[in-house]
Amino acid sequence: MRSDVNSLPDSIHLDLISGYQERLRILQRDDLPRFETKFNSYLQETITNKVGDFRMFFENWSDSIKENIRHLNDSLKEIDFKNNPITYIQLVAPNKISDEVKEFRNLLNAAIPNIREVDASIDGRKNHFYNHIEPLISKLDKEEWRKKVMDVRFWFSYKAEEFYKETNAKFKTYEAMGQLSGGEKAQLTYTILGSAIAYQFGLTKDGLQTNSFRFIAIDEAFKAQDEDKARYLITLCKQLHLQLLVVTPSDNIHIVEMTFRSFILLNVKKKDIHGFMICQLSNSKKKSEIHAVMITPQEIKDKAERKYISYLQALVNDEPFSRLIIRGNKSYTKSSLPDFEKEIQLISSHSKEKKSFGYSLEFQKVKTKYLGAQDLPASIYFEVEKDFLKFLGKEKEVELFKQNLDKIINVFPELRIWVAQNPAKVIENQTEWTSILKVCKYFKENPEPEKYIRELPINVHTKFIEENQSVIKELLDILISENVNETERKFEKRFNLKYAEPQVRFKILDREISQNFFSGVDDLAVTVSQFERLHLPIKEY
């Protein structure tokens, strides 16, 4: 607390100076001014957040009214309002915003801070508090004005519309009860009240199978109305599967005696005392909302990584880097101002503006349902290649990719299309391309080697071709397509190499043949291909 400081006591009252000195020591010890900034900051932040909750309360209330009417209309559509022709009732609630309510809602909207704007300057939050929140608080301090604007039910006008059930065409609109007779008022009231009961307690048109309480009592149910309207009430309750207790004078017994399962006659001698019950419709169900969240830096990274292959393909095709846009694909409906503030700060903290590399953000002022006018990311993009690669941590990988790309295309220009289609395979084998190209060059010059893999005169380690068969096969299919045995899947057969064939073991029973053709050897094992090439003087019998 601050106050004006009076002058010290004059020379006549010097005995009082010790009191002033003691007060000075207390002030210096407590050091209250150091808490002032912290208190003001806390006060402004707390009130700002509470204003967001305050505004959300009215938005939820408004949504709840609309949602309740929608559910009531579902029930009303199942109720036959008239029988010839059959009609049904629907409720409508168009907006009826007075000048006072408009002012209230404008003040509420203005009180929600634009996070990015208020954080742009040191006194941004303080100025927002004094310029937008304080005027709202001052206005709400006026009780008469407050009563006019804070009951959301009066933000709407209400009427009932009657439709033909067969065609759904509108028949009639009920905007005021004054134009209706007593019976018509009762019928319309019963219908709407009955559907409200059905909705409130979860009753359906097939509701008898549900375990729910469905008992209502009506006192003086048929007073001052004709029998048709009285019977309509009974039929309505039957349609809603309600258990009905009716209190009525004996002269109306004939209306219910053919419908009710049982009734009790009471002979009351003293003066009747008519009680009444007030039914108040309330809805405890809250509208469930899907809160789409703002895109996060991790989601931006995931989407950027999905564009990485396309970027590499563009490199292969000598296409210059152009602005790379990341789509948010989200409509923001979050209702918590503190949560929104955390998310907007998070996405901004990882942007190029804060880190000097990475994605850039373009903001657009958007009027949100719960948070008022806020700056939301309208565009997320990488302006230059360096920003994109550094954000993904791919700078070294791409540099090596470019080197391998030049190496491959310089040796075999015809492989450019393959590289463009398979940049991931280029990266996957990024340390092996010198050796892979040696193998491809040998086969290009010797398309039918007729040697075993390990005896090929190529300066690579002995198991290299076997360990890298998959990528070498794809390349050789392009480079020596005329000499590829396309029907063969085995690498050696496909590319005219020797391989370990199955052997045929046979014995020569004729000594003369053994001596003349096999140097006396009579038990042999040879490969299938060699066996097929044998020409022996053998006759079939």
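The structure presented is a predicted model; accordingly, all values stated were derived computationally and were not measured. All values below come from the heavy atoms of this structure, side chains included, with hydrogens, waters and symmetry mates left out.
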| request: Using atom types as modelled and distance alone, determine if a side-chain donor or acceptor of Q313 lies under 3.5 Å from a backbone N or O of A420. | output: yes
| Heavy-atom distance under 4.5 Å between the side chains of F81 and L76, does that happen here? | no
| Between F163 and Y88, how do the two ring planes meet: parallel, tilted or perpendicular, split at 30° and 60°? | parallel
| request: Could you grab the distance from atom CD of E395 to atom NZ of K386, nearest 0.5 Å is fine? | output: 7.5 Å
| query | Is it true that a side-chain atom of D387 and a backbone atom of Y359 form a donor plus acceptor pair closer than 3.5 Å? | reply | no
| Hey, is the main chain of K96 close enough, under 3.5 Å, to the side chain of S157 for a donor-acceptor pair? | no
| Any side-chain heavy-atom pair of F340 and L376 under 4.5 Å | yes
| request: Say whether, by atom type as modelled, one donor and one acceptor occur between the side chain of S138 and the main chain of E134 under 3.5 angstrom. | output: yes
| task | Start with the C-alpha distance between E22 and I26, add both sets of side-chain angles, then the distance that settles side-chain contact (heavy atoms from CB on, under 4.5 Å), and finish with yes or no. | result | CA-CA 6 Å; E22 178 63 23; I26 292 173; 4.0 Å; yes
| Just wondering, are more than 12 heavy atoms of other shown residues or ligands nearer than 6.0 Å to CG in L24? | yes
| said: Please determine whether a side-chain nitrogen of the Lys or Arg among E383 and K352 lies less than 4.0 Å from a carboxylate oxygen of the Asp or Glu. | reply: no
| request: Hey, could you give me the CH2/CD distance between W145 and E100, rounded to the nearest 0.5 Å? | output: 9.0 Å
| Carboxylate-amine/guanidinium proximity below 4.0 Å for K365 and E117 | yes
| side-chain contact (heavy atoms from CB on, under 4.5 Å) partners for I86, two or more places apart | D80, K165
| field | Min side-chain heavy-atom separation V149-E103 under 4.5 Å | value | no
| For the residue pair F382 and F388, does the interplanar ring angle fall in the parallel (under 30°), tilted (30 to 60°) or perpendicular (over 60°) class? | perpendicular
| query | Quick one: do R323 and E362 make a salt bridge, cutoff under 4.0 Å? | reply | yes
| Residues in side chain to side chain donor-acceptor pair (under 3.5 Å) contact with E166, at least two apart in sequence or another chain | none
| request: State the OG-CD1 distance between S349 and I344, to the nearest 0.5 angstrom. | output: 10.5 Å
| query | For the side chain of H128 and the backbone of A111, is there at least one donor-acceptor N/O pair under 3.5 Å apart? | reply | yes
| Other residues, nucleotides, ligands: >12 heavy atoms within 6.0 Å of E144 CD | no
Side-chain donor/acceptor pairs under 3.5 Å, residues 304-311, sequence neighbours excluded:
| residue | atom | partner | partner atom | Å |
| --- | --- | --- | --- | --- |
| Y308 | OH | E397 | OE2 | 2.6 |
| Y311 | OH | E385 | OE2 | 2.2 |

| query | Are side-chain heavy atoms of Y158 and I65 found at a separation under 4.5 Å? | reply | yes
| query | If you look at every heavy atom in L312 and P423, which pair is closest and at what distance? | reply | CB-CB, 3.7 Å
| Chi angles and distances behind the side-chain contact (heavy atoms from CB on, under 4.5 Å) call for R105, E59 | CA-CA 10 Å; R105 296 182 74 172; E59 293 293 343; 4.0 Å; yes
| So do the side chains of F156 and I69 get within less than 4.5 Å of each other, counting heavy atoms only? | no
| request: Can you measure from CH2 (W155) to CZ (F58) and round to the nearest 0.5 angstrom? | output: 6.0 Å
| request: Answer yes or no: is there a side-chain heavy-atom contact under 4.5 Å between L337 and I115? | output: yes
| task | Would you indicate whether the side-chain heavy atoms of I380 and L361 approach each other to under 4.5 Å? | result | yes
| message | Looking at Q345, is its backbone amide N or carbonyl O close enough to the side chain of S348 to form a donor-acceptor pair, meaning the two atoms are under 3.5 Å apart? | response | no
| said: Taking I97's backbone N and O only, do any of them form a donor-acceptor pair with N95's side chain (distance below 3.5 Å, no angle check)? | reply: no
| task | State plainly whether the residues D119 and R125 are in salt-bridge range, i.e. N to O under 4.0 Å. | result | yes
| field | K303 bridged to E299 by N-O distance under 4.0 Å | value | no
| Do F363 and P377 have side-chain heavy atoms sitting under 4.5 Å apart? | yes
